[in-house]
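The structure appears below as structure tokens.
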Amino acid sequence: MNELNALRKPDADDWLSALYDGELDEEAARRALVRLGRDDEALGRWSEYSLIGDVMRGCAPGRADFAARVRTAVADEPTVLAPLPAATDRRPYYYAAAAAAVAAIAWGVLSMSPQSGETPALPVAANDAPLAQNDELRPYLAAHQDYAYAVAGDTEMRFTQVSLAGGGR
Amino acid sequence: MIQALGLVLMAALAVPAWATAELTDGEAVAWLQRVSDASRKLPYEGIFVMQMGDRMKTIQVENHVEGASSISRLVVLDGQQSEMRCYRNESVTLVWDAKGQRLERRLGTRHFPDLLPENTARLLDHYAVRLAGLDRVAGQECRSLELAPKDQYRWGYVLCADQLTGLPLRAVMVDGKGHPLLQYTFTSMRRGVSGKASLEPLGTTPADELRMVESGAVEVRFLPPGYAKSAAIKRKLPKRAGEVEHWVFSDGLSHISMFVEPAPKNLVSLKGQSTRGMMNMLTRKLGPYQVTVLGDAPWPAVEAVAKGLALR
């Protein structure tokens, strides 16, 4: 197995397998595709990957001229490349924005609903100047991490002064 | 020939034929429970690396299982020397410093790889669970399991669970874009514990008492969905004169702390955020009190808790 791994030349091929796996973002994929169009050796390996993948999936091959076709395609359209299926398709987070929007609405409803007693003041005005008060507030961090993690590193925090209207109630 | 074989293997690993698979609730609970049970009931030993932002720590861990309970020992291998013992309901830390050795009581008892709650069904309301591909960590095959938050009040997790036992070999806390915030990875893990079956005690338990708080001066009127109180104590903190109330709220994976103490004069409200945004914090004044809310949770969660407070 070690021998096989050694043959893979991982560093040289990483960008190619990442492209093949759809793991690159749009910009990186674009660069990789341009590079693929200019690199005969890489095109050869790409062709092999595809062929092996097809054989393993039971598809008929018959695409020995793949490299030549990619080269021609890239040469014909040097600037316009179709975007790859985004790598984010494989991540579960693309709906996070939608969920956040729903949650934001929920919070809006909650904060507007009548509550007994005083309603907490909502606007937070941030002062731009970051403050270095790590030392003052470090004990809280340590105490929190003491609960949440058995072992915690020093956490660098950036502080900004905010004003909570009615905070002094 | 060997090269061709290598390419075949590589291609087989590269084809994302399974991609990620959405699980039914039943399957998801089965997977999560397997992971949770393995973390507590399996004897193991190994070394893992913890990475938080640009900080890294290496920790040696042993989990001894005695009947229904387990005792684990963690030794920090770099930086300041310290050793932890985690029992079912309490844990202590042995610290070496300028004054020599001292034993401190800790509030939490959990640690990697034991991160999921004992009852994992509660996670399904707030996290979408997906099964992803096979991977390899510490030389062992593992299966990736993704817990994606269903709202803005918690971070996600990606675990890689040992194929054989379900023990998490890697756990990554991720933000909404899938960027890692905190990672744990075993570099070596062995099932079973070599050497002595049980651990020698660390010495007498520390004298300081953690006193439980029944009902505090501050009322928490809003908790993000799924969060519940998991601890409330009075404790001394360094650089603070009196005792501080420390409350912890958790959804089983994310934790938010609240500290209540008498307010100093001229208190200003401060918002704090760690470099990658993983930790968020808000200090405010509430009547005669200074209240500090912080957690390894997104800002909306910390903000909502801090702003929903009222005097009792």
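All values below come from the heavy atoms of this structure, side chains included, with hydrogens, waters and symmetry mates left out.
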Side chain, backbone, both or neither: which part of B/Glu261 has a heavy atom under 4.5 Å from chain A? side chain
Return the orientation label for the B/Phe259 and A/Tyr140 ring planes: parallel under 30°, perpendicular over 60°, tilted otherwise. tilted
Of all heavy-atom pairs linking B/His255 and A/His144, the shortest is O-CE1, 3.3 Å
Heavy-atom closest pair (B/Tyr127 atom, B/Ser254 atom, distance to 0.1 Å) is OH-OG, 3.6 Å
Is B/Ser230 close to chain A through its backbone or its side chain, or both, or neither, when contacts mean heavy atoms under 4.5 Å? both
Salt bridge check: are B/Glu22 and B/Arg130 linked by an N-O gap of less than 4.0 Å? yes
Which answer fits B/Gln80, side chain, backbone, both or neither, if we ask what part of it has an atom under 4.5 Å from a heavy atom of chain A? neither
Region of B/Ile256 in contact with chain A, defined by heavy-atom distances below 4.5 Å: backbone
Is B/Glu104 salt-bridged to B/Arg106, going by a charged N under 4.0 Å from an acidic O? no
Atom group of B/Met278 that falls short of 4.5 Å from chain A, counting heavy atoms: side chain
